[in-house]
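One structure is given below, encoded as structure tokens.
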Amino acid sequence: MRTKPVLLVIAHGSRDPRHAATVHALVRRVRSLRPGLRVETGFLDFNIPSVHGVLESLAAEGVRDVVALPLLLTRAFHAKADIPAVLRDAPARLRIRQAEVLGPSPLLLSALERRLYEAGLSPADKSSTGVVLASAGSSDPEAIAVIAEIAREWLHTGWWAVRPAFASASLPRTEDAVRELRELGCARVAVAPYVLAPGFLPDRIARGAAEADVLAAVLGPAPEVARVLLERYDAARRPALAAVGA
């Protein structure tokens, strides 16, 4: 039987211990959804194991095939430059395919709504609630455009308004988007962090949500996020499966 490629989840890493704890919780959920799949975690910075260290260990074990999945919501600098550079330095015996980043995906919109409902909203509140879609931010125009498009798509599901905001590199900030919705006459304002794990920038989003009525939690190990990881893994495997008729 053909061995499935190992799924290597590549996270950014953070000095904030909540970041790694959340990443590991998400990976545990992925494993629970697909028990036969080997899933490893590597970090680009701050945390261990490093991506390079995991790849070295896999090669030493005799693993041949790896799907490297960036734990990122947009295709910005880390997905375009940092991660490919690390993968190019991997042991030559490894065959590595880089999967697409997680976003955009309808499942992530479902996860955002899950977090808002867990924070106290209900589907009946949608037509009277303005939402700030608060992203970490990026200097990459492609990433910013994706966030704006997600906000437009989410608006069509029934929210009173949806405004994108950014914790760094781009404008508007979360507090500015909250203020704009208030000035437009929105009865209720909610902030939905479009981030995967706690840390410095999510904390900035939370501070910017001080005048909002509702602040949702980060996406974290939501089941929808775990399902997106597996979708990206399967898509990365598909060309190889077609080549062998699997």
Atom CG of L171: over 12 foreign heavy atoms under 6.0 Å:
yes
Would you call D65 and R237 a salt bridge, using N to O less than 4.0 angstrom?
no
NZ/NE/NH1/NH2 to OD/OE distance under 4.0 Å, D234 and K4:
no
Before accepting this row, confirm whether a basic side-chain N of the pair E224/R227 lies closer than 4.0 Å to the acidic partner's carboxylate O.
no
Could you check E180, E175, E183 and say which one makes a salt bridge (charged side-chain N to carboxylate O under 4.0 Å, His left out) with R163?
E180
How many angstroms lie between atom CG of L196 and atom OG1 of T22, to the nearest 0.5 angstrom?
9.5 Å
Would you list the pairs meeting salt bridge (Lys or Arg N to Asp or Glu O under 4.0 Å) in which at least one residue belongs to residues 35-53, sequence neighbours left out?
R38-E40, R38-E61
Is the shortest side-chain heavy-atom distance between V101 and R232 below 4.5 Å?
no
For R15, is the CZ atom crowded, meaning more than 12 foreign heavy atoms sit under 6.0 Å from it?
no
Could you state the interatomic distance from NE2 (H24) to CZ (R31), rounded to the nearest 0.5 Å?
9.0 Å
Here the gap from R93 atom CZ to L58 atom CG, rounded to the nearest 0.5 Å, amounts to 10.5 Å
Can you tell me how far NZ of K126 sits from OG1 of T157, rounded to the nearest 0.5 angstrom?
3.5 Å
Spell out, as yes or no, whether a donor-acceptor pair under 3.5 Å connects the side chain of E231 to the backbone of L102.
no
Report the residues that fulfil ring-ring contact (aromatic ring centres under 6.0 Å, His included) with W160, sequence neighbours left out, ordered by chain and then residue number.
none
Taking the side chain as every heavy atom from C-beta outward, state whether I150 and L108 have any pair of such atoms under 4.5 Å apart.
no
Taking all atoms of both residues into account, what is the closest heavy-atom pair of R97 and A236, and its distance?
NE-O, 3.1 Å
Do L71 and L26 come close enough that some side-chain heavy atom pair is under 4.5 Å?
yes
Distance col, row Y233:OH vs L37:CG, nearest 0.5 angstrom, shows 4.5 Å
V30 side chain near L7 side chain, heavy-atom distance below 4.5 Å
yes
Candidates V54, L69, L94 - the one meeting side-chain contact (heavy atoms from CB on, under 4.5 Å) with L8
V54
Do P221 and R28 have side chains that approach each other closer than 4.5 Å (heavy atoms only, starting at C-beta)?
no
salt_bridge(R179, D176) N-O dist < 4.0 Å
yes
Rounding to 0.5 Å, atoms CG (L201) and OG (S135) come to a distance of 9.0 Å
Examine distances only and state if a side-chain atom of S170 and a backbone atom of S138 form a donor-acceptor pair shorter than 3.5 Å.
yes
Is the shortest side-chain heavy-atom distance between R75 and V146 below 4.5 Å?
no
Neighbour count >12 (heavy atoms, 6.0 Å) for atom CD, E211:
no
Close side-chain approach of L87 to L55, heavy-atom, < 4.5 Å
yes
Return each pair, listed once, that meets ring pair (Phe, Tyr, Trp, His ring centres under 6.0 Å) where at least one residue sits in residues 101-158; pairs must be two or more places apart or across chains.
W154-W159
Residues two or more places apart in sequence or in another chain: which of them pass ring-ring contact (aromatic ring centres under 6.0 Å, His included) with H52?
none
Considering all heavy atoms, the nearest L116-A216 contact
CD2-CB, 3.8 Å
Between L112 and L133, is there a side-chain heavy-atom distance shorter than 4.5 Å?
yes
Provide the full list of ring pair (Phe, Tyr, Trp, His ring centres under 6.0 Å) pairs with a residue in residues 162-207, sequence neighbours left out, each pair given once.
none
Could you give all pairs that pass the salt bridge (Lys or Arg N to Asp or Glu O under 4.0 Å) test and reach residues 188-203, with sequence neighbours left out?
R18-D203, D125-R188
